[in-house]
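Written out below as structure tokens is the structure these notes cover.
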Amino acid sequence: TLITWTYTHNSKSIVQTQTVTITEDTTPPTVTGSLAAVTAQCPINAETDLTEPAAPADNCGGTVNVALKTDTTFPITESGTITWVYTDENGNMSEQTQDVTINKAPVPVLPDLPVISEACKVEAGDVTAPEATDCSGTTVTGTPDAAFPMTANGVITWTYEDNAGSTTTQTQEVTITDVLVPEVNSLLLLNEQCEIASLAAPTARNCAGNTLTAEPDVTPPITTNTTITWTYTDGSKTATQTQEVTIDDTMPPRVSGTLTAITAACSLAEDDLPEPTATDNCDGTLTAETDASFPIMESQTITWTYRDKSGNEATQTQKVTITPCVLSAADDALEAVVFPNPSGRYVEVQSPVESPIRVLSLGGELVLKSTTNTRIDAASLQSGLYLIQLPDGRLLKFIKQ
């Protein structure tokens with residue numbers, strides 16, 4: 001093109017021309033660096049299976065077309081080199097190569113195989129063969145190079161071979177430990193009611209097949225919950241196992257038969273009532289306790305309770321019959337008297353015969369029970385007039401101050 005330049009000063013002007021020549025674009029897109037190699041397990045079937053590289057910069061800008069060189073043949077089944085062609089808008093071209101590696105061999109499912117660790121030896125049945133997949137997606141099982149049983153540390157090399165004869169290998173480490181192996185993996189819980197008098201020792205075997213008997217860290221009899229640690233010793237090697245022990249007395253005392261009924265005249269004191277016994281599985285002979293109130297002045301059935309150290313209980317009942325007091329002819333002629341009368345806190349019914357008495361309100365309500373010739377604590381009674389009923393029904397009066 002031709003540029004016209006105009007210079008102006010007030011009313012005067014002058015022009016000057018300048019010729020611009022645009023030469024034809026002959027510079028191709030600029031390629032820098034190298035493309036990362038492509039690795040594929042199976043054949044590359046089409047251009048779309050490849051990642052197209054980014055277009056390089058062009059000296060004139062604009063769009064740069066990226067395409068594979070026309071001599072590329074698909075599928076790509078062998079390792080080699082492909083060429084990418086970059087073309088700018090003026091038809092200038094540059095090229096860049098990319099290495100392609102086709103790995104036809106099976107690919108292991110696990111990138112790294114776990115270490116096999118066993119005591120004494122590894123049998124073929126202790127090992128699970130790893131797997132790989134080939135180009136068709138078929139599972140290929142590995143074949144080991146080891147001879148079983150393995151009795152020393154080593155490495156197994158697994159070989160995967162597909163139907164086309166392509167192979168891949170993978171290694172797996174084997175560790176053999178010289179240890180003592182208990183013949184029972186988990187010792188049973190020991191549970192007894194009272195105690196464990198003796199223990200059955202567990203056994204283990206060493207790698208040579210010799211039987212070893214464990215020693216406990218506790219000595220029978222065992223009477224409380226505990227954990228036994230059993231120790232196996234083979235020269236300088238030791239191994240331990242634990243065993244739980246629970247002592248849980250859940251059986252109540254054993255009672256048998258029926259307690260003999262007891263008959264007493266007037267009343268029955270606590271000291272006059274024999275305490276029955278029972279046998280406990282852990283605590284031996286137990287003496288019973290009763291909830292009866294003494295002295296017993298009325299016929300009733302009392303309950304005896306046997307309780308062992310673990311809180312287990314058993315009960316028995318016993319019938320108690322209280323018969324009326326019988327006074328002799330001479331005694332019948334004598335009057336029972338209340339002393340003192342009026343009384344303060346304490347009062348006593350004096351009589352030649354020991355017999356039960358009942359303290360009644362004037363309305364006939366029972367307020368106290370006792371026996372004759374016994375000091376009665378009347379602190380709970382309000383001041384006033386009260387009646388004392390004797391076994392024969394006679395009533396005595398007394399005043400509580």
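Everything numeric here is computed off the predicted structure, so don't read it as measured data. Side-chain atoms are counted along with the backbone in the values below, which use heavy atoms only and exclude waters and symmetry mates. Position 1 is the first residue of the sequence; numbering continues from there.
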Would you say that more than 12 heavy atoms from the other residues, nucleotides or ligands in this model lie under 6.0 Å from the [atom1] of [X], or not?
X: N185; atom1: CG; value: no
X: E289; atom1: CD; value: no
X: D71; atom1: CG; value: yes
X: F294; atom1: CZ; value: yes
X: I14; atom1: CD1; value: no
X: Q382; atom1: CD; value: no

Any [X] side-chain heavy atom under 4.5 Å of [Y] side chain:
X: E215; Y: T233; value: no
X: P53; Y: Y86; value: yes
X: I228; Y: D217; value: yes
X: K397; Y: L387; value: yes
X: L366; Y: L360; value: yes
X: L212; Y: T203; value: no
X: D126; Y: E123; value: yes
X: T63; Y: D88; value: no

Exercise. Please assess Q16 against Y7 for the test side-chain hydrogen bond (donor to acceptor under 3.5 Å, both in side chains), listing each intermediate value before the final yes or no.
Key: CA-CA 8 Å; Q16 195 176 29; Y7 308 91; 2.5 Å; yes
If you measure from [atom1] on [X] to [atom2] on [Y], what distance do you get to the nearest 0.5 Å?
X: E298; Y: K369; atom1: CD; atom2: NZ; result: 3.0 Å
X: M251; Y: C194; atom1: CE; atom2: SG; result: 8.0 Å
X: D272; Y: I262; atom1: CG; atom2: CD1; result: 9.5 Å
X: K400; Y: S343; atom1: NZ; atom2: OG; result: 6.5 Å
X: T305; Y: E313; atom1: OG1; atom2: CD; result: 6.0 Å
X: M297; Y: I322; atom1: CE; atom2: CD1; result: 9.0 Å

If you take all heavy atoms of [X] and [Y], which pair is closest and at what distance?
X: F148; Y: V127; answer: CE2-CG2, 3.9 Å
X: I196; Y: V245; answer: CD1-CG1, 3.5 Å
X: A292; Y: I302; answer: CB-CG2, 3.6 Å
X: S351; Y: N373; answer: O-ND2, 2.7 Å
X: L113; Y: T171; answer: CD1-O, 3.9 Å
X: V349; Y: L396; answer: CG1-CD1, 4.3 Å

Indicate yes or no for a side-chain donor-acceptor contact from [X] to the backbone of [Y] under 3.5 Å, with no hydrogens or angles considered.
X: E348; Y: V337; value: no
X: Q98; Y: V38; value: no
X: D49; Y: N45; value: yes
X: N281; Y: Q193; value: no
X: Q41; Y: T133; value: yes
X: N90; Y: N92; value: no
X: T169; Y: T159; value: no
X: D162; Y: P106; value: no
X: E131; Y: L110; value: no
X: D249; Y: S310; value: no

Self-check item: Set of side-chain contact (heavy atoms from CB on, under 4.5 Å) partners for I176, sequence neighbours left out
Solution: V122, N153, V174
Quiz item: What pairs with N210 under side-chain contact (heavy atoms from CB on, under 4.5 Å), at least two apart in sequence or on another chain?
Solution: N206, A208
[Y] versus [X], side-chain donor and acceptor atoms under 3.5 Å:
X: Q170; Y: Y160; answer: yes
X: Q318; Y: W304; answer: yes
X: E95; Y: W84; answer: no
X: D134; Y: S136; answer: yes

Quiz item: Under 4.0 Å between a Lys/Arg side-chain N and an Asp/Glu carboxylate O for R358 and E365?
Solution: no
Quiz prompt | D178 bridged to K237 by N-O distance under 4.0 Å | solution = yes
Self-check item: Derivation of the side-chain contact (heavy atoms from CB on, under 4.5 Å) call for E78 and I102
Solution: CA-CA 6 Å; E78 300 294 337; I102 302 298; 5.7 Å; no
Quiz item: Does the side-chain contact (heavy atoms from CB on, under 4.5 Å) test come out yes or no for I247 and T223, once each step is laid out?
Solution: CA-CA 6 Å; I247 304 298; T223 58; 5.6 Å; no
Quiz prompt | Check against side-chain hydrogen bond (donor to acceptor under 3.5 Å, both in side chains), Y232 and Q241 | solution = CA-CA 8 Å; Y232 307 94; Q241 267 187 309; 2.5 Å; yes
Exercise. Run the numbers on T277 and L286 for side-chain contact (heavy atoms from CB on, under 4.5 Å), then give the verdict.
Key: CA-CA 5 Å; T277 58; L286 300 177; over 6 Å; no
Self-check item: Among T39, I44, T81, the one residue meeting side-chain contact (heavy atoms from CB on, under 4.5 Å) with V100
Solution: I44
Quiz item: Run the side-chain hydrogen bond (donor to acceptor under 3.5 Å, both in side chains) check on Q350 and T372 step by step: do they pass?
Solution: CA-CA 6 Å; Q350 297 177 344; T372 58; over 6 Å; no
Self-check item: Residues V359, V367; criterion side-chain contact (heavy atoms from CB on, under 4.5 Å); working and verdict
Solution: CA-CA 6 Å; V359 180; V367 293; 3.6 Å; yes
Quiz prompt | side-chain hydrogen bond (donor to acceptor under 3.5 Å, both in side chains) between T211 and R205, intermediate numbers included | solution = CA-CA 5 Å; T211 299; R205 290 185 180 274; 3.2 Å; yes
